[in-house]
Amino acid sequence: MPFATAPMRRSRLLKTLAAERASSSPSERAANPGADAFVHDTSHWVSLWYDQDNACPSDFGTMTAYRAITVQGDLIWYVVFENGASVYHALCDDPREAITQASEAQSAQRQLMDQWHSVQAIARDLLAGRQKFDVTLDDAHIAPMCPLGFRAVMASAGLFGFKRISGKTAARLMKAEPQMGFVIYAAWMRARAQTGMAGPRDPVGFEAMC
């Protein structure tokens, strides 16, 4: 799915979001957006509107996927976890698939958090110049960080559209958004496999995430 770039007008965004509802005809949905149900959210780096009346709960009630649209006009599923502490922005069309992606990402993040000292060690090495490797967009897709969040962090640093950045730049971004550490770790794993570079101890279980 290509990403939009420039923000769109609020009225157009809400009409597009309302048209996603399945309870009425397309013309009725567009004519009656039901603006009270729309919530603007700017947390977790991504600015969007989500529709409280177009939601899909998970089977066990641990998360809910809301149909949403970014201010650039990208239609997504905004997955909110039960405790409200974490969210996931899914680019797929199916809310069940979005919930699956969010669940898998959360599980992978928990696994990697057990080795967070290794992630921090890699970041320190990058900042100090002891290790050098690039971080790519492909690494972001492998890592348990949602692509929209990665894009938003990149845009905040003036790097929108970049498909490759230095590991040192990524380590700097990690200071603002710790989840960049997941992407750095994925890049480190790739670079280590390609070059046999030395680094922190072998990770346990990370291969199962990829």
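- Going from atom CD of Glu20 over to atom NZ of Lys15 covers 15.5 Å, rounded to the nearest 0.5 Å.
- Going from atom CG of Leu173 over to atom CD1 of Ile165 covers 5.5 Å, rounded to the nearest 0.5 Å.
- Smallest separation of non-hydrogen atoms from Gln101 and Ala90: OE1-CB, 3.7 Å.
- Residues Leu159 and Leu127 fall into different hydrophobic clusters, defined by Ile, Leu, Val, Met, Phe, Trp and Tyr side chains chained together at heavy-atom separations under 4.5 Å.
- Rounding to the nearest 0.5 angstrom, the gap separating the OG atom in Ser103 from the CZ atom in Phe60 is 10.0 Å.
- Checking side-chain atoms of Ser58 against main-chain N and O of Met63 turns up a donor-acceptor pair under 3.5 Å.
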key: Worked check of salt bridge (Lys or Arg N to Asp or Glu O under 4.0 Å) between Arg164 and Asp134   = CA-CA 7 Å; Arg164 181 182 297 270; Asp134 287 343; 3.6 Å; yes
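- Judged purely by distance below 3.5 Å, without hydrogens or angles, the side chains of Ser47 and His40 pair a donor atom with an acceptor atom.
- In summary, the aromatic rings of Tyr66 and Trp49 are positioned with their centroids too far apart to meet the 6.0 Å limit.
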inquiry  = Go through it in stages, so that I can follow the logic: the residues are Thr42 and Leu48, the test is side-chain contact (heavy atoms from CB on, under 4.5 Å), and I'd like the CA-CA distance, side-chain angles, deciding distance and then a yes or no.
reply    = CA-CA 6 Å; Thr42 57; Leu48 56 79; over 6 Å; no
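- By the side-chain hydrogen bond (donor to acceptor under 3.5 Å, both in side chains) test, Thr16 pairs with no residue at all, sequence neighbours left out.
- Contact record, Tyr50 with Ala68: CB-CB, 3.7 Å, taken as the closest heavy-atom pair.
- Shown here for Val119 and Gly181, the closest heavy-atom pair between the two residues is CG1-O, 3.5 Å.
- Contacts of Phe150 classified as ring pair (Phe, Tyr, Trp, His ring centres under 6.0 Å), with partners at least two apart in sequence or in another chain: none.
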message = Could you walk me through whether Lys168 and Asp125 satisfy the salt bridge (Lys or Arg N to Asp or Glu O under 4.0 Å) test, starting with their C-alpha distance in whole Å, then the side-chain angles of each, then the deciding distance to 0.1 Å, before giving a yes or no?
response = CA-CA 9 Å; Lys168 189 171 187 177; Asp125 283 350; over 6 Å; no
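- Arg172 meets the salt bridge (Lys or Arg N to Asp or Glu O under 4.0 Å) test with no other residue; sequence neighbours excluded.
- Side-chain N/O atoms of Thr169 and Ser166 include a donor and acceptor closer than 3.5 Å.
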key: Chi angles and distances behind the side-chain contact (heavy atoms from CB on, under 4.5 Å) call for Ile76, Thr70   = CA-CA 8 Å; Ile76 66 170; Thr70 69; 4.3 Å; yes
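- Separation of atoms CD (Gln179) and NE2 (His44) is listed at 8.5 Å; rounding is to 0.5 Å.
- In terms of modelled atom types and a separation under 3.5 Å, the side chain of Gln109 and the main chain of Pro144 share a donor-acceptor contact.
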task = Before giving the answer on side-chain contact (heavy atoms from CB on, under 4.5 Å), spell out for Met113 and Phe182 the whole-Å C-alpha distance, their side-chain angles and the decisive distance to 0.1 Å.
result = CA-CA 9 Å; Met113 287 303 294; Phe182 299 133; 4.3 Å; yes
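- Looking at Trp77, its side chain does come within 3.5 Å of a backbone N or O of Asp93 through a donor-acceptor pair.
- In terms of heavy-atom proximity, Met174 sits nearest to Ala123 at SD-CB, 3.8 Å.
- For Ser11, the side chain to side chain contact (heavy atoms under 4.5 Å, CB included) partners at least two apart in sequence or on another chain are Arg9.
- Closest non-hydrogen pair, Arg21 versus Ala37, comes out as NH2-CB, 3.6 Å.
- Evaluation of the side-chain hydrogen bond (donor to acceptor under 3.5 Å, both in side chains) rule for Tyr78 yields Asp41 as partners, not counting sequence neighbours.
- Contact of the Tyr88 side chain with the Gln106 side chain is not registered, since no non-hydrogen atoms from C-beta on lie closer than 4.5 Å.
- With a 4.5 Å cut-off on side-chain heavy atoms, Leu148 and Leu91 count as touching.
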query = Passes side-chain contact (heavy atoms from CB on, under 4.5 Å), Arg151 versus Val46? Steps please.
reply = CA-CA 9 Å; Arg151 182 188 76 160; Val46 180; 5.8 Å; no
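- Applying the salt bridge (Lys or Arg N to Asp or Glu O under 4.0 Å) definition to pairs two or more places apart or across chains, those involving residues 174-191 are Asp139-Arg190.
- Across Ala187 and Phe133, no two heavy atoms sit closer than the pair CB-CE1, 3.8 Å.
- With rounding to the nearest 0.5 Å, the separation of CD1 in Ile184 from CG in Leu126 is 6.0 Å.
- With rounding to the nearest 0.5 angstrom, the SG atom of Cys92 is 12.0 Å from the CG atom of Leu75.
- The number of heavy-atom neighbours closer than 6.0 Å to CZ of Arg12, taken from other residues, nucleotides and ligands shown, is 12 or below.
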